[in-house]
Amino acid sequence: MALLPILRYPDPRLHTRATPVSLFDAELRQLVADMAETMYEAPGIGLAATQVNVHKRVVIIDISEDRSDLRVFVNPEIIVRSGEQSCEEGCLSVPGVYETVVRAENVTVRAMNERGEAFELEADGLLAVCIQHEIDHLDGKVFIEYLSQLKLGRIKTRLAKKARITA
Ligand code: GNR
Ligand code: NI
């Protein structure tokens with residue numbers, strides 16, 4: 001197991017479009033194990049491989065209170081979406097920034113687990129938000145890019161100042 005470094009916005013590598021997984025091998029299972037360790041340590045409720053600079057379509061999510069319900073989504077695709085919800089989101093790649101994003105309330109996702117077995121899952125609420133947030137990462141999109149140009153500009157300025165202090 002290993003903790004992986006998490007890319008921070010505005011790292012341009014966060015805008016990479018991840019490629020589908022075709023090999024369900026030991027290397028993939030090691031990636032999932034390392035991502036889980038990294039997510040739990042952060043701590044976060046989701047992590048996309050993009051955030052640890054691996055540009056494969058792999059997402060993990062655990063929204064349970066006691067961190068006992070790890071879900072793995074390889075090559076995830078949203079096949080049905082409906083409704084609308086607003087959620088204050090955060091992101092391990094944009095630490096300290098929390099902003100409301102409007103997304104679908106219900107999604108049906110089709111994916112595979114780390115052994116290559118296909119499944120479908122219907123989700124709502126926070127799980128649905130998280131699935132959409134993570135698949136966005138695989139497509140190179142970070143949640144703050146849904147905000148107005150004005151808000152995004154202010155966040156960029158704030159992050160640049162913080163980066164100068166911590167550098
Ligand atoms: O830990 C996380 N919390 C969170 C809260 C609201 C909406 C989405 C998220 S995902 C985030 C972890 C992360 O950055 N995943 O990409
Ligand atoms: Ni994120």
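If you're wondering where the values come from, they're calculated on a predicted model, not measured in any experiment. Remember, it's 1-based here, ligands and their atoms both numbered in the order they're listed.
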*Arg154 atom CZ: more than 12 heavy-atom contacts under 6.0 Å*: no
*Quick one: does Glu88 get a heavy atom under 4.0 Å from ligand 1?*
yes
*Under-4.0 Å heavy-atom contact with ligand 1, by part of Glu89 that carries it*: both
*Would you check the N or O atoms of Leu92, main chain and side chain alike, for any that come under 3.5 Å of an N or O of ligand 1?*
yes
*Does Ser93, backbone or side chain, put an N or O under 3.5 Å from an N or O of ligand 1?*
no
*Taking Gln132 for the side chain and Ala128 for the main chain, is one N or O donor matched with an acceptor at less than 3.5 Å?*
yes
*asked:* Would Gly46 count as being in polar contact with ligand 1, using the rule that some N or O on each side must be under 3.5 angstrom apart?
replied: yes
*asked:* Under 4.0 Å from a heavy atom of Glu134: which atoms of ligand 1 are those, numbered in the order shown and with their elements?
replied: 10 (S), 13 (C), 15 (N), 16 (O)
*Atoms in ligand 1 flagged as close to Gly44, the criterion being non-hydrogen separation under 4.0 Å*: 1 (O)
_Ile45: numbered ligand 1 atoms lying under 4.0 Å from its heavy atoms_ = 1 (O), 2 (C), 3 (N), 4 (C), 5 (C)
*So, for Glu145 and Tyr9, which heavy atoms are closest and what is the spacing to 0.1 Å?*
OE2-CE1, 3.8 Å
*Side-chain donor-acceptor pair present, Asp139, His137, cut-off under 3.5 Å*: no
_Numbered atoms and elements of ligand 1 in range of Gly90, under 4.0 angstrom, heavy atoms_ = 4 (C), 5 (C), 6 (C), 8 (C), 9 (C), 10 (S), 11 (C)
*salt bridge (Lys or Arg N to Asp or Glu O under 4.0 Å) between Glu134 and Arg71: does it pass, once the steps are laid out?*
CA-CA 12 Å; Glu134 303 310 337; Arg71 297 167 189 267; over 6 Å; no
_Minimal non-hydrogen separation, Cys87 against Leu126, with atom names_ = SG-CD1, 4.4 Å
*Considering the heavy atoms of Cys91, write down every atom of ligand 1 situated less than 4.0 Å from one of them.*
14 (O)
*Counting each atom of ligand 1 from 1 as listed, which ones have a heavy atom of His137 under 4.0 Å away?*
16 (O)
*Looking at CZ of Phe73 and CD1 of Ile131, how far apart are the two atoms once the value is rounded to the nearest 0.5 Å?*
4.5 Å
*Decide if atom CD of Glu117 counts as having more than 12 heavy atoms of other residues, nucleotides or ligands within a radius under 6.0 Å.*
yes
*Measure the distance from atom 8 (C) of ligand 1 to every protein heavy atom, then report the residue, atom name and distance (to 0.1 Å) of the closest one.*
His133 ND1, 3.7 Å
*Angle subtended at the Ni ion (ligand 2) by His133 NE2 and Cys91 SG, rounded to 10 degrees*: 110°
*To the nearest 0.5 angstrom, please state how far the CG atom of Leu3 sits from the OH atom of Tyr40.*
13.5 Å
